[in-house]
Amino acid sequence: MRYNFNEIEANWQKYWADNQTFKAENNSDKEKFYVLDMFPYPSGAGLHVGHPLGYIASDIYARYKRHKGYNVLHPQGYDSFGLPAEQYAIQTGQHPAITTAANIKTYRRQLDQLGFSFDWSREVRTSDPKYYKWTQWVFVQLFNSWYNKDTNKAEDIETLVSKFSSDGNVEVNAVCDEDVGEFSGADWNSFSSKEQQEILLKYRLAYLADTEVNWCPALGTVLANDEIINGVSERGGHPVIRKKMTQWSMRISAYAQRLLDGLDTIDWPQPLKDSQTNWIGRSQGASVTFYTVTSSGVDKRYPIEVFTTRPDTIFGASFMTLAPEHELVAKITLSEQKAEVDAYIEATAKRSERDRMADVKSISGAFTGAYAEHPFTKKPIPIWIGDYVLAGYGTGAVMSVPCGDQRDWDFAKHFNIPIPNIFEGIDISEEAFADKEKSVIANSDFLNGLPYKKAVKTAIYELEKLGQGEGKINYRLRDAVFSRQRYWGEPFPVYYVDGMPQMIATEHLPIELPEVEKYLPTETGEPPLGNATYWAWDSASNEVVANEKIDHKTVFPLDLNTMPGWAGSSQYFNRYMDPHNEAEIFSKAAIDYWQDVDLYIGGIEHATGHLLYSRFWQKFMFDRGYVPQDEFAKKMINQGMITGTSAFIYREEKTARLISKGLVADKKVTPIHADVSLVNASDELDIEGFQKWQPDYKDAEFELENGKYIVGREVEKMSKSKYNVVNPDDIVKEYGADSLRLYEMFLGPLEQSKPWNTSGITGVHGFLKKLWKLFHSGENGTFYVTDSHSSVGGQGEGPSADMLKSLHKTIKKVEEDIENFSFNTSVSTFMICVNELTAQKCTSRAILEPLAILVSPYAPHIAEELWKKLGHSESIAIATFPTFEPQHLVESSKEYPISFNGKMRFKIELPAEMSKEDIEAAVMAHEKTQQQLAGRTPKKVIVVPGKIVNIVG
RNA sequence: GCUCGAGUGGUGGAAUUGGUAGACACGUUGGACUUAAAAUCCAAUGGACAUUAGUCCGUAUGGGUUCAAGUCCCAUCUCGAGUACCA
């Protein structure tokens with residue numbers, strides 16, 4: 001009887017769906033285990049073989065944990081808001097909801113055919129109003145919160161209001177905008193409601209502010225820092241410019257230190273932690289205040305605050321540099337320098353972010369004519385502006401120490417500014433000396449002779465005495481812009497009264513996305529929601545009404561922006577715990593039971609986006625008492641990418657002939673992608689198929705080698721445009737889902753990226769066939785299993801000692817491998833096991849039953865089929881994972897005295913199944929080892945057949 | 001530039017705390033079965049010499065520690081990922 005995988009798989013998938021086999025209960029006496037995948041964005045292209053890699057791994061782990069007796073939560077859903085559906089809508093007029101629904105259908109079919117054990121009853125979609133109701137709700141909670149530095153957590157905004165009305169803001173230690181002035185309790189109470197609202201906005205965790213944003217004209221929207229790669233947009237690669245706009249922002253900077261500290265408490269991959277650490281960019285140093293010198297012609301003693309990590313080099317500061325955008329520039333520039341400075345500012349503003357980054361080498365700047373007083377020497381130092389100082393980092397101003405910083409050195413050299421040397425015995429005539437650990441300070445008054453660390457401390461101490469500085473920690477992490485000028489995203493539950501944002505109460509949520517005729521920005525440049533005619537809020541009836549009813553008395557305009565992609569993905573892992581709850585985001589009982597994610601598998605590309613924002617939201621939710629854990633995922637695994645193996649044909653430039661790879665030599669050729677499905681395993685091109693696929697080459701002349709056209713190969717990212725996409729549907733049809741699952745695991749370590757190569761799948765497919773054949777006798781194809789449970793190694797039809805050994809070796813290895821996520825080596829272990837059992841013609845139930853359970857996480861369908869044939873009525877999903885019983889390998893270990901060369905004696909520990917003679921033979925075979933052992937007296941030598949495993953002592 | 005990570009056959013990759021390097025699989029070659037093909041099964045497969053036994057060389061390169069190094073240490077080279085005027 002043939003191994004008919006297609007039939008078997010379809011049957012079991014239906015059985016699992018009909019019986020809701022993988023439904024997780026929120027009430028269970030079992031210990032919980034939560035295995036989470038990053039939910040997919042349902043793109044129009046469907047899945048390729050690279051996408052399910054992480055899902056297969058998490059499914060293996062989830063099934064394994066179920067076998068181990070855990071109540072496993074393994075949900076799946078869709079991150080279904082996003083740009084591609086919107087752009088498709090712009091081009092075709094098709095509503096994004098329709099394309100999204102169609103794409104989800106394809107995804108679901110593709111996921112189902114791979115046999116995943118998802119609990120689909122908990123499916124969420126971020127674009128579903130029932131879901132985004134709670135995304136909007138979290139936003140409202142953020143709006144209604146502020147960050148108290150004294151308690152080091154987020155608190156209800158009402159606690160801030162009551163502080164303001166009793167004592168003003170002087171005693172309040174909050175994370176807030178920098179431009180809040182001081183006021184007393186009496187002041188606060190005398191402010192108008194609008195003034196109060198304006199002040200509160202500067203404290204809220206979700207706040208509205210005029211911020212300089214990354215504006216992408218081509219996409220017509222702003223982008224967060226993590227959505228920009230090398231100065232162009234991540235999606236589409238369009239240029240990005242700086243622009244001031246009123247935007248919603250998230251005060252994630254309040255959590256910078258906690259986001260760093262939290263990394264020590266979670267088991268996440270080191271590269272991922274490193275990239276979050278770099279992104280947060282903590283740097284410890286000092287803030288120093290310089291004052292402008294009035295005698296140089298400036299009208300006032302303006303303070304200029306700078307941030308430095310090297311306060312020890314303060315005596316080497318020979319000038320200051322301000323960012324061209326710095327607000328003081330206009331105030332301090334002397335009239336004779338004004339023309340030059342203005343020209344420079346204008347020139348910088350014109351340069352796009354990209355130009356500025358591409359052109360790091362060229363040095364430019366302008367002198368303001370003003371001077372600042374050095375805090376210690378009291379000597380005047382010139383104030384310059386230069387675009388190497390960034391407005392967005394620190395205070396946008398630096399004290400320039402050319403002898404200790406290469407950029408300052410280059411700037412000083414270029415503009416002929418003196419470079420005083422403050423390092424003992426260091427030559428700085430060719431470059432700056434930045435190695436702080438090796439520096440000893442000189443020419444620096446009270447810092448002379450001090451090493452780096454002491455010098456820093458002393459400098460800060462002296463600055464504090466002067467009242468001109470203090471130790472400070474600076475973070476690179478900026479607040480996250482939260483508004484997008486797009487259609488296909490969560491609308492804000494916000495309307496505006498007198499220009500001030502008002503939140504819509506929970507009971508009136510969700511605010512559903514309005515219908516629009518066009519998905520493009522309006523002619524006046526408003527976001528796409530500006531096209532909606534039914535988009536105003538009636539605060540009397542609490543409902544969305546038509547724009548024409550706006551009267552600014554009870555009917556007000558709604559916010560025209562939508563939320564960014566990461567909004568919906570920042571709380572989905574918690575919503576899965578109680579996805580159908582309409583009264584709460586999740587019940588207390590549900591979150592208390594499930595707590596957090598035990599294993600999260602997904603791509604590292606979300607390191608500074610989704611994964612950072614989600615940690616921020618979780619910490620916020622923790623502060624406000626909604627969740628019991630302040631990190632949402634205990635363990636994280638980043639699966640590698642499966643790359644494609646592209647095929648190339650070579651067109652000779654002059655003749656347009658298509659030349660086989662081996663004949664190209666040094667001819668000038670253009671490589672052209674060929675569809676990988678037209679190439680066989682020996683890299684031979686199906687010429688006829690190729691011409692059918694690309695009719696342009698119908699008459700092309702092919703230059704063959706040995707009558708074949710051989711293509712070139714290159715490993716690239718799998719993508720439609722490279723014609724190297726392998727569709728899992730095709731693989732499943734030909735080899736079955738179990739083969740695909742096994743093969744993706746067999747391909748290599750989970751965390752590593754590796755190229756796809758379809759021809760290798762025959763190896764694991766052969767394994768499954770062998771497993772099948774083991775218990776189906778050849779002639780009539782009947783299922784055959786010996787039921788005898790006679791003793792180990794005994795006569796009759798029970799399992800032999802060798803069979804038990806094969807099985808238990810496998811149990812041990814597979815269990816260890818699953819716990820370590822080394823799925824590739826456990827697949828090899830299965831193959832060895834089945835080969836050994838086949839050689840021994842094993843038909844014993846006592847071997848087959850545990851083996852079926854063992855294999856079932858990897859190849860669930862065939863395992864279920866065997867399980868059923870063994871006479872079980874329940875699904876294998878609830879079977880118990882076999883335990884390793886070492887007595888089948890080694891019944892006991894004894895110690896034997898062994899002598900070498902008649903001289904040395906030591907005891908060895910050996911398995912009972914080996915005779916003393918065997919051991920001696922094994923040891924003697926290692927002549928080298930013997931020689932090397934001479935002169936030492938090991939306490940113990942651990943031996944397995946033919947091998948010395950360890951020498952102790 | 002900085003921060004991580006990695007270099008093992010023709011290929012993907014194995015190798016517990018240092019303990020027979022190359023498991024397992026692909027590919028290749030030869031054989032069996034077949035009219036033929038597919039499928040299946042068997043054998044060989046790091047290199048060199050020897051073809052019976054065997055010997056020598058081999059984990060990017062050069063050193064070092066150790067009885068013993070793919071594994072630990074130092075230096076160099078190469079590749080990959082992230083980040084980039086962050087003061």
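Just so you know, these numbers use all the heavy atoms, side chains as well, and skip hydrogens, waters and symmetry mates. Letters go in sequence order (proteins before strands), and every chain restarts at 1.
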What's the NZ-P distance between K809(A) and A14(B), to the nearest Å? 19 Å
Given the P atoms of A43(B) and A48(B), what is the spacing between them in whole Å? 24 Å
Ignoring hydrogens and geometry, is there a side-chain-to-backbone donor-acceptor pair from D408(A) to V401(A) under 3.5 Å? yes
Side-chain atoms of T825(A) come closest, of A15(B), U40(B), A87(B), to A15(B)
Pair partner, C72(B) [Watson-Crick or wobble, under 3.5 Å]: G64(B)
Nearest to the side chain of V398(A) - G13(B), C24(B), A87(B)? A87(B)
Is there a Watson-Crick or G-U wobble partner for A53(B) with both distances under 3.5 Å, and which nucleotide is it? none
Let me know the distance between OH of Y735(A) and P of C26(B), rounded to the nearest Å. 11 Å
Which base sits across from U34(B) as a Watson-Crick or G-U pair, both distances under 3.5 Å? none
Sugar-phosphate, base or nothing in reach of N474(A), heavy atoms under 4.0 Å: nothing
Examine C86(B): is either OP1 or OP2 under 4.0 Å from a nitrogen or oxygen in the side chain of R407(A)? Give yes or no. yes
Can you tell me how far P in U16(B) sits from the matching atom in A44(B), rounded to whole Å? 26 Å
Relative to the 5' end of RNA chain B, which residue comes earlier, K769(A) or M399(A), by the nucleotide with the nearest heavy atom? K769(A)
Given RNA chain B, 5'-ward residue of the pair T309(A) and T829(A), judged by closest heavy atom: T829(A)
Can you check the I383(A) CD1 to A87(B) C1' distance for me, whole Å? 17 Å
Taking the same atom, C1', in A21(B) and in G13(B), what whole-Å distance lies between them? 13 Å
Q276(A) side-chain N/O to A607(A) backbone N/O, donor-acceptor pair under 3.5 Å: yes
To the nearest angstrom, how far is K273(A) atom NZ from C4(B) atom P? 15 Å
Under 4.0 angstrom between Y388(A) side-chain N/O and A87(B) OP1 or OP2: no
Just checking P749(A): base, sugar-phosphate only, or nothing, at a heavy-atom cut-off of under 4.0 Å? sugar-phosphate
Check this for me, if you would: do E836(A) and K809(A) make a salt bridge, where the nitrogen-to-carboxylate-oxygen distance has to be below 4.0 angstrom? yes
Rounded P spacing from U28(B) to U78(B) in Å: 35 Å
Taking atom P in both U17(B) and A84(B), compute the distance separating them and give it to the nearest angstrom. 37 Å
At under 4.0 Å between heavy atoms, what does T762(A) touch on the DNA or RNA strands: base, sugar-phosphate, or nothing? sugar-phosphate
Among U16(B), A87(B), C26(B), which nucleotide has an atom closest to any side-chain atom of E816(A)? U16(B)
Once you measure the plane-to-plane angle for H606(A) and H610(A), does it fall in the parallel (<30°), tilted (30-60°) or perpendicular (>60°) bin? perpendicular
Does a sphere of radius 6.0 Å around CD in E819(A) hold more than 12 heavy atoms from other residues, nucleotides or ligands, not counting ones at 6.0 Å or beyond? yes
Could you tell me the Watson-Crick or G-U partner of A43(B), where both distances fall under 3.5 Å? Say none if there is no partner. U29(B)
N278(A) side chain N/O closer than 4.0 Å to the phosphate oxygens (OP1, OP2) of C4(B)? no
When the P atoms of G18(B) and C72(B) are considered, how many whole Å apart are they? 9 Å
Does K754(A) reach the main-chain N or O of Q752(A) with its side chain, forming a donor-acceptor pair under 3.5 Å? yes
Pick base, sugar-phosphate or nothing for Q406(A), based on heavy-atom distances below 4.0 Å to the nucleic acid. nothing
With heavy atoms under 4.0 Å as the rule, sort N835(A) into base, sugar-phosphate or nothing. sugar-phosphate
Expressed in whole Å, how much space separates the P atoms belonging to C4(B) and C74(B)? 13 Å
Among the nucleotides U83(B), A87(B), C26(B), which one has an atom lying closest to any side-chain atom of N757(A)? C26(B)
Which nucleotide in the list A84(B), A87(B), C26(B) gets nearest to the side chain of V389(A)? A87(B)
Just by modelled atom types, is the F746(A) backbone N or O under 3.5 Å from a matching donor or acceptor in the N824(A) side chain? no
What's the closest nucleotide to the F746(A) side chain, out of C24(B), G13(B), A87(B)? C24(B)
Syn or anti for G9(B), given that syn means the glycosidic angle lies within 90° of 0? syn
Taking atom C1' in both A23(B) and A15(B), what distance in whole Å separates the two? 8 Å
Looking at Y452(A), F433(A), F315(A), which one forms a ring pair (Phe, Tyr, Trp, His ring centres under 6.0 Å) with F423(A)? F433(A)
Watson-Crick or G-U counterpart of A23(B), or none if no pair lies under 3.5 Å: none
For S444(A) and I441(A), indicate whether the former's side chain and the latter's backbone hold a donor-acceptor pair under 3.5 Å. no
Rounded to whole Å, CD of Q752(A) lies from C1' of G13(B) at a distance of 8 Å
For atom CG of L390(A) and atom P of C85(B), their distance in whole Å: 6 Å
In whole Å, what is the span from the OH atom of Y743(A) to the C1' atom of G12(B)? 7 Å
Counting Watson-Crick and G-U wobble pairs only, both distances under 3.5 Å, name the nucleotide matched with U83(B), or none. G1(B)
Applying the Watson-Crick and G-U wobble criteria at under 3.5 Å, what pairs with C77(B)? Answer none if nothing qualifies. G7(B)
Of the options C4(B), A87(B), A25(B), whose atoms approach the side-chain atoms of D274(A) most closely? C4(B)
With respect to the phosphate group of A87(B), does any side-chain polar atom (N or O) of S283(A) fall under 4.0 Å of OP1 or OP2? yes
Nearest-Å distance, CG (D817(A)) to C1' (A14(B))? 11 Å
Which part of the nucleic acid, if any, lies within contact of K770(A), taking any heavy atom under 4.0 Å across all strands shown: a base, the sugar-phosphate backbone alone, or nothing? sugar-phosphate
